[in-house]
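Any value given below was found using the heavy atoms of this structure, including those in side chains, with hydrogens, waters and symmetry copies removed. Just follow the structure's listing: the first ligand is 1, and inside any ligand the first atom is 1.
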Amino acid sequence: MRLLIVGPPGAGKGTQATLIAERIGISVISTGDMFRAMKTADTPLARQVREIMASGGYVSDEITNRIVADRLAEPDCADGFLLDGYPRTAGQVATLDALLAESGTGLDAVVSLVADTEEVVSRLLKRAEIEGRADDKAETIRVRLRTYAEQTEPLIAIYRDRGLLREVDGLGPVDEVLGRVLSALGAPADRAG
Ligand code: B4P
């Protein structure tokens with residue numbers, strides 16, 4: 001299956017992506033994780049990415065599209081993948097469309113995790129206490145939510161119009177949310193299945 005998972009910061013995209021991919025047997029491609037993996041590198045690109053993330057903004061389409069195109073070309077993505085946190089801009093939607101068209105494939109579904117602002121802010125502030133992520137400070141969370149509302153939320157309509165959207169309530173225990181996602185995808189809810 002070729003899937004996307006979208007939602008506001010803190011909706012649980014990363015949390016669910018790992019579990020969904022494990023159940024379905026596909027690789028997760030998380031642009032957030034790929035950028036965070038640059039944390040320790042001391043290159044101009046890594047410094048630039050670190051600064052953008054800490055500010056709550058988006059890394060440029062040029063950089064993001066390039067790393068995703070390289071990753072999708074790897075053999076483990078040939079038969080399926082779950083893109084977590086990409087595309088986030090109209091330019092990224094266009095690039096993904098072109099990449100899939102080149103390979104003669106397309107998306108099977110887009111999971112939209114729905115969670116209200118109060119809940120996502122409280123989750124991110126809690127994560128700040130546990131993990132100390134530079135972008136989980138209260139002021140940065142506000143910027144991230146604004147960036148999401150301006151640049152990413154409008155993209156959901158594109159996938160709704162294409163008939164690919166599966167809206168899932170992201171509130172409640174992680175395993176319950178997973179059950180809802182799997183059922184929205186028509187995938188078996190238990191490991192044995
Ligand atoms: P991401 O890594 O995608 O991070 P996120 O939106 O904060 O988190 P996510 O929704 O995955 O939440 P999570 O499961 O962790 O992006 C980080 C940054 O990278 C962006 O701001 C941007 O700068 C850059 N970036 C990434 N992709 C980009 C792109 N395509 N273009 C440009 N820039 C890009 O969950 C959050 C917390 O909630 C966790 O602590 C988790 O344990 C908890 N949680 C999860 N599910 C829960 C539940 N059901 N109940 C209670 N808590 C829950």
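Within the set R123, E176, K126, E131, the minimum heavy-atom distance to atom 50 (N) of ligand 1 is found for R123. Between the choices G10, G14, G172, the shortest heavy-atom distance to atom 8 (O) of ligand 1 belongs to G10. Closest to atom 16 (O) of ligand 1 by heavy atom, among M53, K13, R88, is R88.
Protein heavy atom at the shortest distance from atom 33 (N) of ligand 1 is V59 N, 3.2 Å. Shortest contact from atom 12 (O) of ligand 1 to any protein heavy atom: G12 N, 3.6 Å. The shortest contact between atom 23 (O) of ligand 1 and any protein heavy atom is with G57 O, 2.7 Å. Of the protein's non-hydrogen atoms, the one nearest atom 36 (C) of ligand 1 is R127 NH1, 3.4 Å.
One N or O on the side chain of R123 and one on the backbone of G10 form a donor-acceptor pair closer than 3.5 Å. The backbone N or O of G7 lies less than 3.5 Å from a partner atom in the side chain of K13, making a donor-acceptor pair. Under a 3.5 Å cut-off, the side chain of K126 and the backbone N or O of V121 do not form any donor-acceptor pair. Not a single donor-acceptor pair under 3.5 Å links the side chain of T140 to the backbone N or O of D136. Panel note: side chain N65, backbone T95; no donor-acceptor pair is recorded below 3.5 Å.
Residue F35 holds its CZ atom at 8.0 Å from CD1 of I52, rounded to the nearest 0.5 Å. In this structure, the separation between CG on L100 and OG1 on T105 is 4.5 Å, given to the nearest 0.5 Å.
Atom numbering of ligand 1 starts at 1 in the shown order; those under 4.0 Å from a heavy atom of T64 are 29 (C), 30 (N), 31 (N), 32 (C). Heavy-atom contacts of Q92 reach the following atoms of ligand 1: 29 (C), 30 (N), 31 (N), 32 (C) (cutoff under 4.0 Å). The contact set between ligand 1 and P9, taken as ligand atoms under 4.0 Å from a residue heavy atom, comprises 6 (O). Which parts of ligand 1 touch A11 is read off a 4.0 Å heavy-atom cut-off, strictly below it: atoms 10 (O). Atoms of ligand 1 found under 4.0 Å from any heavy atom of P8, numbered from 1 in the order shown, are 10 (O).
The shortest separation from a heavy atom of S30 to ligand 1 is not under 4.0 Å, leaving the residue out of contact. Residue contact check for ligand 1: R133 places a non-hydrogen atom closer than 4.0 Å to it. I52 does not count as a contact of ligand 1, since none of its heavy atoms falls under 4.0 Å from the ligand.
Looking at ligand 1, you won't find any N or O of F35 less than 3.5 Å from one of its N or O atoms. In terms of N/O distances under 3.5 Å, ligand 1 is approached by T31. The N/O atoms of R144, backbone and side chain alike, include one that comes under 3.5 Å of an N/O atom in ligand 1. Ligand 1 has no nitrogen or oxygen under 3.5 angstrom from a nitrogen or oxygen of P87. Residue Y86 places no N or O, backbone or side chain, under 3.5 Å from any N or O of ligand 1.
Using a 3.5 Å distance cut-off with no hydrogens or angles, the side chains of S30 and Y86 do not pair a donor with an acceptor.
Residue R36 touches ligand 1 through its side chain alone, judged by heavy-atom distances below 4.0 Å. At a heavy-atom distance under 4.0 Å, atoms from both the backbone and the side chain of T15 approach ligand 1.
Inter-residue side-chain proximity for L124 and R144 is flagged as met; some heavy-atom pair is nearer than 4.5 Å. Residues L3 and L83 form no side-chain contact, since every pair of their non-hydrogen atoms from C-beta on lies 4.5 Å or further apart.
Here R127 does not pair with D135 in a salt bridge; the nearest charged N to carboxylate O distance is not below 4.0 Å. Between R180 and E176, at least one side-chain nitrogen of the basic residue sits less than 4.0 Å from a carboxylate oxygen of the acidic one, meeting the salt-bridge criterion. The residues R142 and E139 are annotated as salt-bridged, a charged nitrogen and a carboxylate oxygen being separated by less than 4.0 angstrom.
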